[in-house]
Protein chains: 2
Amino acid sequence: MAKAGSPSKVATAGTARSANTRRALVDAAIETLKEHGFSGASARAIAERAELNQGLVFYHFGSVANLLLAALDAVSESRMVRFSAAVTSVSSPAELMDVAAQIFREDLDTGHVTVLVEMIAGASSTPGLGAEVASRIAPWFTFTQNAIDSTFGASPFASLLPSDDLAYTIVALFLGLEMLTHLDGDRERALSIFGHAQQLVALLGAFSTFAPPKETS
Amino acid sequence: MAKAGSPSKVATAGTARSANTRRALVDAAIETLKEHGFSGASARAIAERAELNQGLVFYHFGSVANLLLAALDAVSESRMVRFSAAVTSVSSPAELMDVAAQIFREDLDTGHVTVLVEMIAGASSTPGLGAEVASRIAPWFTFTQNAIDSTFGASPFASLLPSDDLAYTIVALFLGLEMLTHLDGDRERALSIFGHAQQLVALLGAFSTFAPPKETS
DNA sequence: GTCTATACTTGGATAGAC
DNA sequence: GTCTATCCAAGTATAGAC
């Protein structure tokens with residue numbers, strides 16, 4: 001499946017300025033994905049933005065698809081760090097909603113979710129890419145599910161809406177809202193929706209007692 | 001904005017076999033979008049599938065982007081017809097949920113929503129395409145909102161979740177679920193989620209009386 | 001080991017044939 | 001008016017320079 005070659009293939013540890021070049025390419029790939037989408041993220045376009053020779057894409061990553069996956073890894077990791085930090089300070093469903101809204105706002109500004117969306121949508125163009133993207137999205141489901149479990153876990157609502165399905169739904173909603181917002185440029189619409197969701201959670205809280213702050217292990 | 005030319009430009013009524021060629025190209029464009037996504041939907045790929053000369057794309061539609069928009073129009077119209085028919089027989093929120101689940105299942109099978117998703121995600125590649133796609137998505141918001149108003153309209157929940165925001169959310173959820181399902185191939189997951197939504201609506205119905213079947217005008 | 005110059009392939013677009 | 005043969009630009013990939 002992967003072609004054997006001498007230099008880097010998929011992700012050589014490498015040393016020296018190689019790392020700099022790779023980082024520059026990954027950064028440029030992220031920006032290009034945000035600005036011109038998957039179909040606009042060619043080796044030439046990315047290299048031009050990084051002010052590097054186009055051939056370096058293939059030397060360091062083997063293919064454009066591999067570089068884009070590295071870009072997806074980078075944003076995914078950075079977002080996961082940010083998410084984790086934000087969620088640790090959360091103890092109630094209402095607070096979790098606040099964090100979710102805040103995170104969504106940030107993602108809208110930074111364009112990080114756009115990278116996910118473009119990679120998912122672009123996955124169907126290249127054989128095998130879908131599976132690679134899917135394995136990189138998977139952590140988001142478990143992360144979201146954990147966040148739900150540790151706040152809504154003891155709530156009576158948990159029984160009629162399993163947290164894995166809810167997590168899947170929330171990720172889908174994030175992606176869908178990002179896509180539409182990116183399309184129509186109507187930031188306020190999505191933020192208004194998060195506002196309603198916050199109210200709704202508050203209302204649900206009035207009907208029943210939720211789980212107390214649950215420390216992480 | 002649009003380049004003036006002799007033959008068809010954007011959508012000439014045309015006559016004779018021209019219409020056949022155009023239809024064949026549109027059909028092939030839809031299939032190509034479903035199978036290879038926006039970035040794989042080149043003039044060559046589409047024409048090859050239609051067994052037509054690649055240059056016909058430009059003669060009949062002026063550009064690949066215009067052909068893809070025509071494809072979006074076609075699926076959008078066909079889905080709108082299907083939707084409208086399904087919704088007219090609906091009189092309660094529970095029934096509306098049934099119809100929504102049914103429609104989603106159909107869209108998953110036919111791949112119609114994939115076309116929307118690919119066009120939205122691909123819009124950022126070509127200047128001006130985003131606005132065109134947005135104007136073709138807009139009817140879906142108003143349609144969804146109308147469906148909500150005529151079933152949930154008199155419900156007390158309408159006050160805490162405006163129907164336009166709810167419609168936007170539902171469209172976003174549709175797109176997001178389709179994207180994820182297409183990625184991981186897990187049909188059952190999305191259908192399970194619709195099942196929970198149906199239960200939830202039923203539960204809400206138990207808390208309060210909903211509006212009676214409201215005839216269209 | 002790192003990078004550049006070059007080869008080759010695919011895609012968009014049109015001049016001109018029918 | 002409809003379509004095809006052809007042109008040029010952009011994309012991927014690599015052989016070879018440093």
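Chain identifiers are assigned alphabetically (A, B, ...) following the order of the sequence lines, protein sequences preceding nucleic acid strands; residue numbering begins at 1 within each chain.
- Exactly one residue among B:Arg79, B:Arg22, B:Arg136 makes a salt bridge (Lys or Arg N to Asp or Glu O under 4.0 Å) with B:Asp73. That residue is B:Arg136.
- Out of C:dC3, C:dG12, D:dG1, the shortest distance to the side chain of A:Leu56 is found at C:dC3.
- Counting only N and O atoms by type, the side chains of B:Tyr168 and A:Asp184 include a donor and acceptor under 3.5 Å apart.
- Each of B:Arg44 and B:Arg17 lies near DNA chain D, and the nucleotide nearest B:Arg17 is the one positioned closer to the 5' end.
- Counting heavy atoms from C-beta on, the side chains of A:His196 and B:Thr169 never come closer than 4.5 Å.
- The side chain of B:Ser42 approaches C:dG11 more closely than any other nucleotide in the set C:dA5, C:dG11, C:dG1.
- At D:dC3, one or more side-chain N or O atoms of B:Thr21 fall inside 4.0 Å of OP1 or OP2 (strictly under the cut-off).
- Within the nucleic acid shown, A:Val64 comes within 4.0 Å of sugar-phosphate atoms alone, with no base atom in reach, counting heavy atoms only.
- Checking D:dT4, D:dT2, C:dC3 against the side-chain heavy atoms of B:Tyr59 singles out D:dT2 as nearest.
- Here D:dT6 presents its P atom at 12 Å from CG of B:Asn53, a figure rounded to the nearest Å.
- Screening A:Leu68, A:Leu56, A:Leu67 for a side-chain contact (heavy atoms from CB on, under 4.5 Å) with A:Phe61, the sole residue that qualifies is A:Leu67.
- Between A:Phe58 atom CZ and C:dC8 atom C1' the separation is 12 Å, expressed in whole Å.
- Residue A:His60 places none of its side-chain N or O atoms closer than 4.0 Å to OP1 or OP2 of C:dG1.
- Distance A:Leu67 CG to D:dT12 P: 10 Å, rounded to the nearest Å.
- Note on A:Ser18: a side-chain N or O is less than 4.0 Å away from OP1 or OP2 of C:dT2.
- Donor-acceptor pairing under 3.5 Å, judged by distance alone, is present between the side chain of A:Gln54 and the base of D:dA13.
- Rounded to whole Å, atom P of D:dT2 lies 12 Å from atom CZ of B:Phe61.
- Mapping A:Gly55 and A:Gly40 onto DNA chain D by nearest heavy atom places A:Gly40 closer to the 5' end of the strand.
- In this structure, B:Arg23 atom CZ and D:dT2 atom P are separated by 14 Å, rounded to whole Å.
- B:Leu161 has its side chain out of reach of B:Phe152: every pair of non-hydrogen atoms, C-beta onward, lies at least 4.5 Å apart.
- Rounded to a whole Å, the CD atom of A:Glu51 is 16 Å from the C1' atom of C:dT4.
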